[in-house]
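The next block holds one structure in the form of structure tokens; read it before the comments.
If you read the sequence from its start, that first residue is 1, and numbering goes on from there. Just so we're clear, the structure is a prediction, and the values are computed from it rather than from any experiment. Computed over heavy atoms, backbone and side chain alike; hydrogens, waters and symmetry mates excluded.
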Amino acid sequence: MSDEERTVFLIAHTGREAALRSVEALVHGLLKAGIRIRLLASEAEGLDLPEGVEKVAGGPRAADGCELILVAGGDGTLLRGAELAREHGLPMLGINLGRVGFLAEAERDDLAVVVERVVDADYEVEERMTIDVLVRTNGDVLHQDWALNEASIEKASRERMLEVVTEVDGRPVSNFGCDGVVCATPTGSTAYAFSGGGPVVWPEVEALLMVPISAHALFARPLVTSPDSVLAVEVQPKTPHGVLWCDGRRSVELPAGARVEVRRGQTPVRLARLHRAPFTDRLVAKFALPVTGWRGRSNTHDGTGC
């Protein structure tokens, strides 16, 4: 493929002035290097874009012919980019213009590096497992969805708890009243599941998580299961209806008696990585964890002699 034919699809959060300037700098840098830019026409408003930027209306073929999904924004924008990346089987490279941004590979100050690495196609691609979500009522399929971070079954009304029964691999675990239950991937362990008191799971660990939220029960601990397990949450028949959220972006009402099944997704999301730093370093940096006093492993007692 010649340089003139190379195209990246840009998804950006343009709600703040600083974000606008960052996106414009990114676009100008890539165009100058001969990389074509495509973006949604709805996101081009407010941007000072040069001629030659391709604006499309969206749709299932919006990213056809692109080599990379480049996302600039916060966590919500990165999840929106993940939808397009998964749909087209393209790697996604995230630039954090928000707060934490665990899915992002670069920060606002790294724009020049991002341009250079994209131009050189100098990045590695890793796959992140997703979950497939199925909602049944009376045995019939009501809704199908997927998530990169989590599927959360939540109460729809503040006044009353949601009464549920949880299940793993076809066997009941517990029933309780709660604000909700989060079924998450390792990628999502640092998102909603983390806020609910769930464990942080390293991305290379393949597993499924079930994290009750504000459960009124003696046993309502976070569970970590095999990636091949099937998790289920049944909304009790005599309880107010709930709502299912997938990645906090797509929702469907759960009538009383609904059953939500979560299993390993058939289609992963591909992430472009610029750095080979371990996840531990990313965790410390994103949460600004205190590590003062760490001296590292002692080489005198590890049997290596060096």
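Residue pairs meeting the ring pair (Phe, Tyr, Trp, His ring centres under 6.0 Å) criterion with at least one member in residues 8-31: none, sequence neighbours excluded. Among pairs with a residue in residues 265-275, those fulfilling side-chain hydrogen bond (donor to acceptor under 3.5 Å, both in side chains) read E105-R273, at least two apart in sequence or across chains. Contacts classified as ring pair (Phe, Tyr, Trp, His ring centres under 6.0 Å) and involving residues 196-242 (residues at least two apart or in different chains) are given here: W202-F279. Identified under the salt bridge (charged side-chain N to carboxylate O under 4.0 Å, His left out) test for residues 236-249, with sequence neighbours left out: E83-R249. Here ring pair (Phe, Tyr, Trp, His ring centres under 6.0 Å) pairs that include residues 154-195, with residues two or more places apart or in two chains, are F194-F287.
The salt bridge (charged side-chain N to carboxylate O under 4.0 Å, His left out) check on E116 picks up nothing, with sequence neighbours excluded. By the side-chain hydrogen bond (donor to acceptor under 3.5 Å, both in side chains) test, E24 pairs with R21, sequence neighbours left out. Take T187 and apply the side-chain hydrogen bond (donor to acceptor under 3.5 Å, both in side chains) test, not counting sequence neighbours, and it matches R128. With sequence neighbours excluded, the residues satisfying side-chain hydrogen bond (donor to acceptor under 3.5 Å, both in side chains) with E124 are R276. For V168, the side chain to side chain contact (heavy atoms under 4.5 Å, CB included) partners at least two apart in sequence or on another chain are V173, L223, T225, S229, L231. When the side-chain hydrogen bond (donor to acceptor under 3.5 Å, both in side chains) test is applied to R295, no partner is found at least two apart in sequence or on another chain.
The backbone N or O of A147 lies less than 3.5 Å from no partner atom in the side chain of T130, so there is not a single donor-acceptor pair. With R6 contributing its side chain and V119 its backbone, the two residues share a donor-acceptor pair below 3.5 Å. In this structure a side-chain-to-backbone donor-acceptor pair under 3.5 Å is present from T166 to S174. For the pair T137 (side chain) and L142 (backbone), a donor-acceptor distance under 3.5 Å is absent.
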Could you go through the side chain to side chain donor-acceptor pair (under 3.5 Å) check for S152 and E154 one step at a time?
CA-CA 6 Å; S152 60; E154 304 175 23; 2.7 Å; yes
Report the C-alpha distance between R264 and D132 in whole Å, list the side-chain angles of each, state the deciding distance to 0.1 Å, and finish with yes or no for salt bridge (Lys or Arg N to Asp or Glu O under 4.0 Å).
CA-CA 6 Å; R264 180 180 188 150; D132 288 337; over 6 Å; no
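Within a 6.0 Å radius of CG in N138, no more than 12 heavy atoms belonging to other residues, nucleotides or ligands are found.
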Could you tabulate the donor-acceptor pairs under 3.5 Å formed by side-chain atoms of residues 51-59, not counting sequence neighbours?
{"unit_1": "E54", "atom_1": "OE1", "unit_2": "R38", "atom_2": "NE", "d": "3.0"}

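Pairing each heavy atom of C183 with each of I153, the nearest pair is SG-CD1, 4.5 Å. For the pair R263 and V230, the tightest heavy-atom approach, listed with the atom from each and the gap, is NH2-CG1, 3.6 Å.
At least one side-chain heavy atom of L111 sits under 4.5 Å from a side-chain heavy atom of I95.
To the nearest 0.5 Å, atom CD of residue E87 and atom CZ of residue R61 are 10.5 Å apart.
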